[in-house]
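Below you'll find the structure, written out as structure tokens, and then a few comments.
Computed from a predicted structure; not experimentally measured. We use all heavy atoms of the structure for the numbers below, so side chains are in, but hydrogens, waters and symmetry mates are not.
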Amino acid sequence: MDSALNATFEVLSFAAIVVLVVLGLGIIAGMMGIFNLAHGEFVLLGAYSTYLVYSLGLPVWLGMVAAPFAVAAVGLVLERLVIRRFYAVPVVAMLGTYALGLIIREGVRSLIGGRYLSVPEPIGGSLTVGGAQLSCWRLAIVIITTAVMLASYLLLTRTSFGLRVRAALENPSLARVSGISTNAIYAATFTFGAALGGLAGALIVPVFSLFADLGIRFLILGFLAIMVGGIGTFQGSVAGAGAVGVLSAALPWALPPVLADVMIFVLAIVFVKFQPRGLIAGRRL
Amino acid sequence: MHEEMKDKRTSLMAGRRRFLQGAAWMSGAVATGLGSWIIGPKWANSAAAAIKVGIATDLTGPIAYVGNATANVANMVAKDINGAGGILGRPIQLFIVDTASTESVAVANVRRLIQRDMVDVVLGGITSSMRNAIKDVIVTRGKTLYIYPEQYEGKECTPYLFCTGPTPAQQCDQIIPWLIKNGGKRFALPSANYVWPRVLNKYARELIEKNGGEVIFEEYYPLDQVEYSATVNNIMTNHVEVVFNTIIAPGVGPFFKRLHQAGFGKRRGRLACVYYDENALNLNAPNEIEGLASCLDYYRAVTAQDAGSARIQTEYDKQFPGKILFSGAATGMYRGLKLWEVAVKEAGNLDREYVAAALDHAEISEGPGGSAEMVPGRRHCRMNMYTAVVKNGDFEIVARSTGLVDPREC
């Protein structure tokens, strides 16, 4: 019983982490059609900013608050300088963002001297619930992820900004004719996606510690999630992230871990074979 | 309009010319090798032709912190040797190349060491896959002596290839009985899925069972796995007393943290990880790895017991202050260079046959962790081994081998 509770919590908390990482990626991919291969590095930058603030002797939570803004600023600069030139050519955009990611990753690697650094949780310790030990920080991540997910959803569906974002995606020419600056909207969307990546990095760095390749594994899981969830919808990427997160955390409980790692991909491919448009197909926001 | 177009064309052409210049410069840099440099002796006597020592190590990539430490040690020892008049009246000159944690890059760079620079010996390679990739280039086709300076899984018995780091026997013979006495009999062996953990575990398992312990589970994980909830749960529910870990970074930090949060430390479980040195202490908060036991040929704490180690450590810190620490991962480089120096002096020349024959029984009285000697015919090194436990974020020596420990290889 304790063990079942424990297992459920662990699986849930890892799924929350994957959802958190995929949110920004999903918004950029879904809203703009850009597969941002530098998203893992936005996550890394968020983690690095948090570490930087912590290493200056300031509280960790301050770093976590600052990280999304810092990464948003980086995202905005990159969008203005580089990404906006690629909107018409998505394949080049993939290569371009890959290159940006590589530069950021190797830059951070040299900044931290290629080492692995631990960052403490702002809320340490664990709760004992009926014999099971639940890590407080993981619980906090679950709660924050839920809040961020809801807020993003409301922002995109219930505000006039969200309406303009959707308009710019649905029909860019008509949006421009109607007086919406698609240019500004794209910049804002990309910045928002980057900020979410930064937040994800800031929140997960106490769990996984800081190292230059932190983003890569999550990037692959992220793309898998978007593939499973369906491209072009916000709900799709969240649902996909939930599914992939639960699978990748739950399978090692049942199978040898090396096999579990492969099985996630096998299952995803089989799923996409039978449901090529993803979990939530076609229904845009 | 016409003028404007012409302007545009000339600027385009200038751009192309600049591009070509850039390309030429780049290819030149690639051909001569960025990321490699030559450090020559700076003393008056250097008129005598220098002895060329090739150092091939991971200066960039995920394990660059180990590679840079070994390169630093090589520089320090070379300076030391040249300061004392060189070897056979000749200075030594280091040729350092980057193996970049990538075997294909490494093979090309090492080939250059052999064919262009014609070095007399090569030291380096950090991972076993790196050693396997470059050993043929050096030993078989290059007909050059190769010294591999890292702790590894053993079983490397190639002629002309000498190993100066600890082997599984040297690490396990010391620590397993200690763990059973100071931890318990129920072992778990969570491991990264590659050759070193698999071979080490085989040796460790035999020893655990011989000493009356039992292995509850032995499990292998993908190298980049960072989520270990299932494993931690397995350890907690099966009442494992000793976690003999061979998971490596990036997974090891998160794994120890989860284990700590699950209460493994609180119920007095014992963590053990035989590759843990001072560099690894960064991976976790001190309280998460309190009591972790490790077994290596050197820890900073050894300097309190051994004057030679203290001298080396002080010298290193003076020459290389900063984040690249001198630790158990770089001791083999010191030992390797010093043993090779002794061998060349005995051989009286640099012929591979003669140097290898002398190196086969070379001894040094001072080094990191104390004296060391090659085991004749085995091409591995006997050395002192220390068992250390993490206390408040630093290692404390709890046991020391009685005399030099045999590598039991080849």
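In this structure, chain A has a heavy atom under 4.5 Å from the side chain of B:E219, while its backbone stays farther away. At a 4.5 Å heavy-atom cutoff, A:P256 makes no contact with chain B through either its backbone or its side chain. Only the backbone of A:V207 comes within less than 4.5 Å of a heavy atom of chain B; no side-chain atom from C-beta onward does. For A:V119, the part sitting under 4.5 Å from any heavy atom of chain B is the backbone (N, CA, C, O) and nothing else. At a 4.5 Å heavy-atom cutoff, the contact between B:N193 and chain A is made by side-chain atoms alone. For a residue to count as touching a neighbouring chain, one of its non-hydrogen atoms must lie under 4.5 Å from one of that chain's; by this rule A:F14 touches chain B with the side chain only. With a 4.5 Å cut-off on non-hydrogen atoms, B:A249 touches chain A through its backbone and its side chain both.
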B:V226/A:F211 under side-chain contact (heavy atoms from CB on, under 4.5 Å): CA gap, chis, key distance, verdict:
CA-CA 11 Å; B:V226 288; A:F211 54 98; 4.1 Å; yes
Start with the C-alpha distance between B:S229 and A:W253, add both sets of side-chain angles, then the distance that settles side-chain contact (heavy atoms from CB on, under 4.5 Å), and finish with yes or no.
CA-CA 8 Å; B:S229 305; A:W253 294 70; 3.9 Å; yes
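Within the 4.5 Å cutoff, no side-chain heavy atoms of B:L283 are placed close to those of A:S118. Contact check for A:Y116 versus B:P250: side-chain heavy atoms found under the 4.5 Å cut-off.
Residue-environment remark: OH (B:Y194) exceeds the threshold of 12 foreign heavy atoms within 6.0 Å. Counting heavy atoms of neighbouring residues, nucleotides and ligands inside a 6.0 Å radius, atom CZ of B:R267 exceeds 12 of them.
Your options are B:M236, B:Q225, B:R258, and the one with the most heavy-atom pairs under 4.5 Å with chain A is B:R258. Counting heavy-atom pairs under 4.5 Å between each of A:G125, A:P206, A:G124 and chain B puts A:P206 at the top. For the set B:A262, B:G251, B:G253, the count of heavy-atom pairs under 4.5 angstrom toward chain A peaks at B:A262.
Going from atom CG of A:L210 over to atom CG of B:N282 covers 11.0 Å, rounded to the nearest 0.5 Å. To the nearest 0.5 Å, the span separating CD on B:Q261 from OG on A:S135 amounts to 4.0 Å. We find the CZ-CG distance between A:R115 and B:N279 to be 8.0 Å, quoted to the nearest 0.5 Å.
A donor-acceptor pair under 3.5 Å is absent between the side-chain atoms of B:K257 and the main chain of A:S209, judged by distance alone.
Under a 4.0 Å N-O distance rule, the pair B:E227/A:R138 qualifies as a salt bridge.
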